[in-house]
There are 2 protein chains.
Amino acid sequence: MTENDKQTESRILEAASEVFLEKGMDGARMQDIADRAGINKSLLHYYYRTKDHLFNTVFEKTVNQMLMRFAPVLDQDLTFEEKIRFFFHEHIDFLMNNRRLPSFLLNEINRNPERMTKLMEKIEVHKLWDTLHAQHKKELNAYNINREDFPQIMVSVAALSLFPFAGFEIVSRILEKHGTGFDEFIEKRKDFATQFVIKALKK
Amino acid sequence: MTENDKQTESRILEAASEVFLEKGMDGARMQDIADRAGINKSLLHYYYRTKDHLFNTVFEKTVNQMLMRFAPVLDQDLTFEEKIRFFFHEHIDFLMNNRRLPSFLLNEINRNPERMTKLMEKIEVHKLWDTLHAQHKKELNAYNINREDFPQIMVSVAALSLFPFAGFEIVSRILEKHGTGFDEFIEKRKDFATQFVIKALKK
DNA sequence: GTCTATAGAAGGATAGAC
DNA sequence: GTCTATCCTTCTATAGAC
C-alpha cells in the first residue's frame, strides 16, 4: 500500500463517515461521498467494493472509537462517586464532538439488529458489574445498588448522557424558547447528571 | 367521501405507518406500503400524491397521538409525586405498544429538523413549568426544583422513559445476557424511574 | 376508485482506457 | 490508482383504460 493509497483511502473514510452520520445508510448517496472526498464515484467501488461494505467499515470504526474512549473509566484509581463524575464528563465531552453519533448508532442498530451481534462481544456489562463491585465493595454499602437492579442503573446512566444528543434537534429548540443555548445546557449537564445519579442511588 | 374511500384511505395510512416506522422515510418503499394495504401502487398516489405527503400525514398523526396521551397529566388532581408516577406509568405503557416510535421520531426530526417547526407550537415547556409551579407551590419546597434547572429535569425525565425504547435492540440484547427479558425490565422500570427521579430531586 | 403499463430519473455497480 | 462512459436495477410518479 503506497502513501497515496493511504491518503485516498482515509479521505474516503472521512467523507463516508460524514455522509453516513448525516443521512444514515439509506439516505446516503455514493455520489455525495465521492464529491466530499474529491474523487470519482467508481473509485469508491475500487476501494470498498460495495456501499454496504463501506458502511460497515465506517460503522465498526465509529463504534470502536467510542468504546475505546470509556475503557479507562474502570482502570482509574478513583472513588465510586469520582468514577460517575469522570464518566459523565468524558462521555459528554466526547459526544459534544460527535453530536450525531447517538442518533446514528441507535437508529442503524434498530434498522439492522444483526449489527449488534459483533458488537455484543465487546460490551460486557456483567464484567463491568463484577469489576465495579470488586473495586468498591465497601463503598457501595452506602448506595442502593444490587446486581438485580444494575441493568436499570446502567440504562439510566446511559440515557442521561446520550438522550440529549439523540434528541438534539428537539432539545435545542425547546432550550431556545427558554433562552438557553444547547452548548450551555450540555456544559451544565455534566455536573447535573453526576449529582442526579448520586442522589438517586444513595441510601 | 364514500364509505369505501374511508376504508381504503385508512388502510393505506395504517400500512404506511407500519412501513415508515420500520424502515424510516428513506428506507420505506411505496411498493411495500401498497402491498401491505392490499392495493395497487398507483392508488397510493391517487390518495396522497407523493411519498413525501404520505410521510408527513403519518408523521403528524403519530405525533398528535402521542402528545394527546400526556395532556391529561397536568389536569389530574394529584400530588407532585403522584404526577411523576402517573407520567412514567402512562408513558411507558404507551411506548410499550409503540416501541419503534422513539427511535423513529428522534431520527426523522434529526434528519429533517424543519419537522420540528410545526411541532414546536404544540410543545410548551414553559407553560408546563408555570402550571406545575402553580399547582404545587408549597409541595415543591421539599425539592430541588427551580426554573433554571427545569430543562435539565425535563430532559432527564424524558430520557429515562424514552431511551430504553430508542435503544431497544441494544438494551434487549444486553438484558438477554443478564437473563432478563425486555418486557420484565420495562415493567419494573415504571417504578424504578419514578423512585429514581423523586430521590434525585428531593432536598 | 382501481387497475395495468410505462415513463423518467436516480443510484449502485462495472468495463475499459489511461 | 484514477477517470469516463455506461449498464442495470430500482423506485417514484403519471397516463390512460375500465
Side-chain angles (χ1 to χ4, degrees), chain A residues 1-62 100 104 107-108 111-112 114-115, chain B residues 1-62 104 107-108 110-112 114-115:
Chain A
M1 188 183 285
T2 75
E3 192 51 41
N4 197 359
D5 283 10
K6 219 172 183 173
Q7 254 192 43
T8 306
E9 212 174 319
S10 73
R11 274 228 314 287
I12 291 178
L13 227 49
E14 200 171 335
S17 189
E18 281 176 32
V19 175
F20 280 131
L21 262 92
E22 248 173 59
K23 306 282 181 70
M25 168 64 179
D26 291 331
R29 295 290 164 254
M30 294 295 267
Q31 185 63 60
D32 195 358
I33 295 172
D35 290 349
R36 291 211 207 183
I39 54 156
N40 192 279
K41 213 174 31 155
S42 43
L43 207 51
L44 293 182
H45 292 283
Y46 174 77
Y47 279 101
Y48 294 95
R49 269 183 34 82
T50 64
K51 182 185 181 186
D52 220 66
H53 185 237
L54 178 53
F55 178 85
N56 286 336
T57 310
V58 167
F59 183 83
E60 286 180 29
K61 222 188 133 218
T62 307
R100 303 193 95 92
F104 170 76
N107 202 52
E108 296 301 343
R111 299 245 173 286
N112 194 346
E114 297 82 61
R115 300 197 197 291
Chain B
M1 188 183 284
T2 73
E3 191 53 41
N4 197 358
D5 282 12
K6 219 172 182 173
Q7 254 192 40
T8 306
E9 213 173 317
S10 72
R11 273 227 315 286
I12 291 178
L13 227 48
E14 200 171 334
S17 188
E18 281 176 30
V19 175
F20 280 130
L21 262 93
E22 249 174 59
K23 307 283 181 69
M25 168 65 178
D26 291 331
R29 295 291 164 254
M30 294 295 264
Q31 185 63 62
D32 195 357
I33 295 172
D35 290 347
R36 290 210 209 184
I39 55 157
N40 193 281
K41 217 177 23 159
S42 44
L43 208 51
L44 293 181
H45 292 283
Y46 174 78
Y47 279 101
Y48 294 94
R49 269 186 30 85
T50 64
K51 182 186 179 183
D52 220 67
H53 184 238
L54 178 53
F55 179 85
N56 286 336
T57 310
V58 167
F59 183 82
E60 286 181 28
K61 222 187 131 216
T62 307
F104 170 76
N107 203 52
E108 296 300 342
N110 283 333
R111 298 244 175 287
N112 194 346
E114 297 83 60
R115 300 196 197 293

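Only this structure's heavy atoms are used, side chains among them; waters, hydrogens and symmetry mates stay out.
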For the pair made of CG in A:Asp32 and P in C:dA10, what is the distance, rounded to whole Å? 14 Å
I'd like to compare against my own output: the B/S/- annotation of nucleotides 11-18 of chain C with a strict under-4.0 Å heavy-atom distance to protein. SBBB----
Do A:Ser42 and A:Asn40 pair up side chain to side chain, a donor and an acceptor below 3.5 Å, judged on atom types alone? yes
Between atom NE2 in B:His53 and atom C1' in D:dA13, what is the gap in whole Å? 15 Å
Whole angstrom is fine here: how far is it from CD1 in A:Ile12 over to C1' in D:dT2? 11 Å
Only counting residues at least two apart or in another chain, list the ones meeting salt bridge (Lys or Arg N to Asp or Glu O under 4.0 Å) with B:Arg49. none
Mutual orientation of the aromatic rings belonging to A:Phe55 and A:Phe20 [parallel < 30°, tilted 30-60°, perpendicular > 60°]: perpendicular
Mind calculating the distance between CZ (B:Arg11) and C1' (C:dT2) to the nearest angstrom? 12 Å
For B:His53 and B:Tyr48, take the angle between the two ring planes, folded into 0 to 90°, and tell me which bin it lands in: parallel under 30, tilted 30 to 60, perpendicular over 60. tilted
Separation of D:dA13 C1' from B:Leu43 CG (nearest whole Å): 14 Å
For atom CD of B:Glu14, is the number of surrounding heavy atoms from other residues, nucleotides or ligands below 6.0 Å larger than 12? no
In whole angstroms, the gap separating P of D:dA13 from OH of B:Tyr47 amounts to 18 Å
Are a donor atom and an acceptor atom from the side chains of B:Glu60 and B:Asn56 found within less than 3.5 Å of each other? no
